[in-house]
Trainee: 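Starting off with a structure, shown below.
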Amino acid sequence: MAVIEVSGLRKSYGAVEVLRGVSFAVERGEVFGLLGPNGAGKSTAVECVEGLRRRDGGRVRVLGLDPERDGAAVRRVVGVQLQQARLQERIRVREALELYASFYDDPCDPGELLEEWGLAGQAGVRFGRLSGGQQQRLFVALALVGRPRVVFLDELTTGLDPQARRAAWDAVRRVRDAGVTVVLVSHAMEEVAALCDRAAVLHGGRIVACGSPQELVAGVGATVSFRPSGPLDEAVLAALPGVRRVSREGGTVTVSGVGAVVDEVTGHLARLGMVVTGLRIEQAGLEDAYLALVGGAR
């Protein structure tokens with residue numbers, strides 16, 4: 001069941017059309033990634049879904065609610081961690097959590113959130129004295145204090161060291177396992193691959209691809225190189241499913257393709273009983289898939 005439904009979303013700033021008919025859906029209980037280069041419209045799209053920005057066109061529903069028409073109801077079931085946010089410099093960490101908890105009928109226990117997000121030792125520290133990573137963790141805790149059914153995390157691990165980043169990933173998995181739907185806006189391909197069930201790539205104001213990390217990578221494909229021990233019909237290789245190109249340089253054959261091309265090529269060689277040497281497989285990663293989709297844009 002779709003928790004978030006976005007259809008034909010459009011938004012312009014003056015003469016600049018930032019979102020050009022964006023459509024996607026997020027299923028209940030999944031971690032959904034939203035990727036794209038700077039300026040692609042990720043933050044604008046998420047803000048329209050959250051109800052923080054008015055859309056110019058299209059349809060948006062969060063748990064069946066329109067974020068513009070039903071803003072108060074949406075805010076009761078949604079948690080938001082913004083990429084750039086500030087609190088009053090002198091407010092203490094526990095005070096901030098207790099303040100936010102007071103906005104909800106059934107909030108999480110602030111002490112438990114302090115422990116979960118590694119902030120127990122900073123409970124009495126003023127916001128202005130926190131490191132960037134500690135501030136980031138506090139904002140995530142604030143997004144979760146109201147027991148949201150949907151939470152938006154924008155650049156979750158910015159400013160976190162490797163240990164804190166992995167701890168944050170584990171916390172996101174626990175949030176998902178508790179039945180919360182997570183929308184993760186990120187530039188970190190390792191993070192997306194580790195956490196996301198599906199991801200959409202936004203480029204030029206449009207969704208250019210959507211699927212699991214494995215599906216996105218399969219669209220880019222892999223390359224298999226080897227030296228066959230005997231004659232090999234390259235035309236047969238070229239006809240295998242997923243194969244896009246076969247080339248030979250000296251005694252080395254190189255096959256490039258998408259999908260299950262590695263299995264197809266190695267399976268064909270096994271059926272022939274062909275002995276090969278120098279076998280090399282280069283499998284694309286999520287970053288390769290992302291760069292292929294956005295044309296190397298930053």
Trainee: Any donor-acceptor pair under 3.5 Å linking the side chain of Ser23 with the backbone of Gly8?
Mentor: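 Confirmed, Ser23 side chain pairs with Gly8 backbone.
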
Trainee: Between Gln88 and Phe127, what is the shortest heavy-atom contact and its length?
Mentor: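 Closest approach of Gln88 to Phe127, heavy atoms only: O-CB, 3.7 Å.
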
Trainee: Check whether Ser12 reaches the backbone of Ala15 with its side chain - one donor and one acceptor, N or O, closer than 3.5 Å.
Mentor: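 Looks like no, no N/O pair under 3.5 Å.
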
Trainee: If you compare all heavy atoms of Val18 against all heavy atoms of Gly41, which two are closest, and at what distance to 0.1 Å?
Mentor: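 In this case the closest contact between Val18 and Gly41 is CG1-CA, 3.7 Å.
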
Trainee: Please report the closest heavy-atom contact between Ala168 and Thr157, naming both atoms and the distance.
Mentor: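 Minimum heavy-atom contact is CB-CG2, 4.1 Å.
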
Trainee: With side chains defined as the heavy atoms from C-beta onward, is the minimum distance between Gln81 and Gln136 less than 4.5 Å?
Mentor: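 Of all side-chain heavy-atom pairs linking Gln136 with Gln81, at least one is under 4.5 Å.
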
Trainee: Could you tell me whether Glu249 atom CD has more than 12 heavy atoms of other residues or ligands within 6.0 Å of it?
Mentor: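 No - once you tally the heavy atoms of other residues, nucleotides and ligands closer than 6.0 Å, there are 12 at most.
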
Trainee: Any sub-3.5 Å donor-acceptor pair from Asp70's side-chain atoms to Ala73's backbone N or O?
Mentor: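 Here the side-chain-to-backbone pair does not exist.
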
Trainee: Identify each donor-acceptor pair in which a side-chain atom of residues 255-270 lies under 3.5 Å from a protein atom, sequence neighbours left out, and give them as a table.
Mentor:
unit_1	atom_1	unit_2	atom_2	d
Ser256	OG	Thr223	OG1	3.4
Thr266	OG1	Val262	O	2.8
Thr266	OG1	Asp263	O	3.4

Trainee: Are the side chains of Leu130 and Val125 in contact, using a 4.5 Å heavy-atom criterion?
Mentor: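 They are in contact (side-chain heavy atoms under 4.5 Å apart), so the answer is yes.
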
Trainee: With sequence neighbours excluded, tell me which residues meet ring pair (Phe, Tyr, Trp, His ring centres under 6.0 Å) with Tyr100.
Mentor: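 With neighbours one apart ignored, the set is Phe103.
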
Trainee: Between the side chains of Glu30 and Arg176, is the shortest nitrogen-to-carboxylate-oxygen separation below 4.0 Å, so that they form an ion pair?
Mentor: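 No, this pair does not count.
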
Trainee: How long is the straight-line distance from SG of Cys48 back to CZ of Arg54, given to the nearest 0.5 Å?
Mentor: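 Here the interatomic distance stands at 10.0 Å.
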
Trainee: Checking side chain to side chain contact (heavy atoms under 4.5 Å, CB included) for the pair Met189/Leu35: CA distance, chi angles, key distance, verdict?
Mentor: CA-CA 9 Å; Met189 296 300 116; Leu35 317 179; 4.2 Å; yes

Trainee: Taking the side chain from Thr181 and the backbone from Gly29, do they hold a donor-acceptor pair closer than 3.5 Å?
Mentor: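 Yes, the answer is positive, given that a donor and an acceptor are paired below the 3.5 Å cut-off.
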
Trainee: Going only through I, L, V, M, F, W and Y residues with side-chain contacts under 4.5 Å, is there a path from Leu119 to Val145?
Mentor: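 Leu119 and Val145: one cluster.
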
Trainee: Are Ile4 and Leu34 connected, step by step, through hydrophobic side chains (Ile, Leu, Val, Met, Phe, Trp, Tyr) whose heavy atoms are closer than 4.5 Å?
Mentor: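 Cluster IDs for Ile4 and Leu34 match.
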
Trainee: Do you see a donor-acceptor pair shorter than 3.5 Å between the side chains of Ser225 and Thr254?
Mentor: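 A pair is found: one side chain offers a donor N or O, the other an acceptor, under 3.5 Å apart.
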
Trainee: Quick one: CZ on Arg53 to OG1 on Thr44, what's the gap to the nearest 0.5 Å?
Mentor: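 Going from the CZ atom of Arg53 to the OG1 atom of Thr44 covers 5.5 Å.
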
Trainee: State, with a plain yes or no, whether a side-chain heavy atom of Leu114 is found less than 4.5 Å away from one of Gln122.
Mentor: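 No, their side chains stay 4.5 Å or more apart.
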
Trainee: Between Phe32 and Glu27, is there a side-chain heavy-atom distance shorter than 4.5 Å?
Mentor: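 No, their side chains stay 4.5 Å or more apart.
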
Trainee: Side-chain contact, heavy-atom cut-off 4.5 Å: Leu144 with Trp117?
Mentor: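 SC-SC contact between Leu144 and Trp117 confirmed.
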
Trainee: Are side-chain heavy atoms of Val183 and Val151 found at a separation under 4.5 Å?
Mentor: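 Val183 does not reach Val151 side chain to side chain.
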
Trainee: Below 3.5 Å, can you tabulate the donor-acceptor pairs from side chains in residues 277-286 to any protein atom, sequence neighbours excluded?
Mentor:
unit_1	atom_1	unit_2	atom_2	d
Arg280	NE	Glu282	OE2	3.0
Arg280	NH2	Glu282	OE2	3.0
Gln283	NE2	Gly221	O	3.4

Trainee: To the nearest 0.5 angstrom, please state how far the CD atom of Glu50 sits from the CZ atom of Arg75.
Mentor: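 Between atom CD of Glu50 and atom CZ of Arg75 there are 11.5 Å.
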
Trainee: For Val62 and Val49, run side chain to side chain contact (heavy atoms under 4.5 Å, CB included): C-alpha distance rounded to whole Å, both residues' side-chain angles, the deciding distance at 0.1 Å, then the answer.
Mentor: CA-CA 7 Å; Val62 179; Val49 175; 3.7 Å; yes

Trainee: Out of the candidates Val294, Val208, Leu19, only one should pair with Leu202 under the side chain to side chain contact (heavy atoms under 4.5 Å, CB included) rule; please name it.
Mentor: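 When Val294, Val208, Leu19 are each tested with Leu202, the side chain to side chain contact (heavy atoms under 4.5 Å, CB included) holds only for Leu19.
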
Trainee: For Lys11 and Arg20: C-alpha separation, side-chain torsions, deciding distance, then whether side chain to side chain contact (heavy atoms under 4.5 Å, CB included) applies.
Mentor: CA-CA 7 Å; Lys11 180 65 182 179; Arg20 307 177 181 183; over 6 Å; no

Trainee: Are Arg173 and Leu195 close enough that some pair of their side-chain heavy atoms sits under 4.5 Å apart?
Mentor: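 Contact flag for Arg173/Leu195 side chains = yes.
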
Trainee: Inspect the surroundings of CG in Asp177 and state if more than 12 heavy atoms from other residues, nucleotides or ligands are less than 6.0 Å away.
Mentor: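 Buried by this count: over 12 neighbours within 6.0 Å.
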
Trainee: What's the spacing between Leu97 CG and Leu138 CG if we round to 0.5 Å?
Mentor: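 The CG atom of Leu97 sits 5.5 Å away from the CG atom of Leu138.
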
Trainee: Testing the basics here: between Ala141 and Leu113, what is the closest heavy-atom pair and its distance to 0.1 Å?
Mentor: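 That would be O-CD1, 3.6 Å.
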
Trainee: Side chains of Val150 and Leu63: does their closest heavy-atom pair fall under 4.5 Å?
Mentor: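 In contact.
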
Trainee: According to the salt bridge (charged side-chain N to carboxylate O under 4.0 Å, His left out) rule, which pairs have a member within residues 114-134, sequence neighbours left out?
Mentor: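 Those involving residues 114-134 are Glu116-Arg174.
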
Trainee: To the nearest 0.5 Å, tell me how far Arg149 CZ sits from Arg147 CZ.
Mentor: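 So the gap between those two atoms works out to 14.0 Å.
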
Trainee: Does the side chain to side chain contact (heavy atoms under 4.5 Å, CB included) test come out yes or no for Val253 and Val246, once each step is laid out?
Mentor: CA-CA 7 Å; Val253 175; Val246 179; 4.1 Å; yes

Trainee: Mind checking ring pair (Phe, Tyr, Trp, His ring centres under 6.0 Å) for Phe152 and listing every partner two or more places apart, or none if nothing turns up?
Mentor: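 None.
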
Trainee: Cluster question for you: counting only ILVMFWY and a side-chain heavy-atom cut-off of under 4.5 Å, with indirect links fine, are Val80 and Val140 together?
Mentor: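 Shared cluster, no.
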
Trainee: Would you compute the distance between atom CZ of Arg137 and atom CG of Leu156 and round it to the nearest 0.5 angstrom?
Mentor: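 Going from the CZ atom of Arg137 to the CG atom of Leu156 covers 11.0 Å.
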
Trainee: Salt bridge (charged side-chain N to carboxylate O under 4.0 Å, His left out): which pairs involve residues 57-66, sequence neighbours left out?
Mentor: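 For residues 57-66: Arg55-Asp66, Arg61-Asp66.
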
Trainee: Using a strict threshold of under 4.0 Å (side-chain N to carboxylate O), is an ion pair present between Lys42 and Glu155?
Mentor: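 The answer is no: the pair does not qualify as a salt bridge.
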
Trainee: For residues Phe139 and Leu52: do they belong to one hydrophobic cluster (side chain heavy atoms under 4.5 Å, members Ile, Leu, Val, Met, Phe, Trp, Tyr)?
Mentor: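 Cluster IDs for Phe139 and Leu52 differ.
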
Trainee: If I compare all heavy atoms of Gly79 with all of Pro148, which pair ends up nearest, and what's the gap?
Mentor: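 Minimum heavy-atom separation between Gly79 and Pro148: N-CB, 3.4 Å.
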
Trainee: Between the main-chain N or O of Gly36 and the side-chain N or O of His187, is there a donor-acceptor pair closer than 3.5 Å?
Mentor: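 Yes; judged by distance alone, with no hydrogens or angles, the pair exists.
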
Trainee: Membership question, hydrophobic clusters at under 4.5 Å side-chain separation (ILVMFWY): are Leu184 and Leu216 in the same one?
Mentor: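 No, because Leu216 and Leu184 fall into different hydrophobic clusters, even though each may have its own neighbours under 4.5 Å.
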
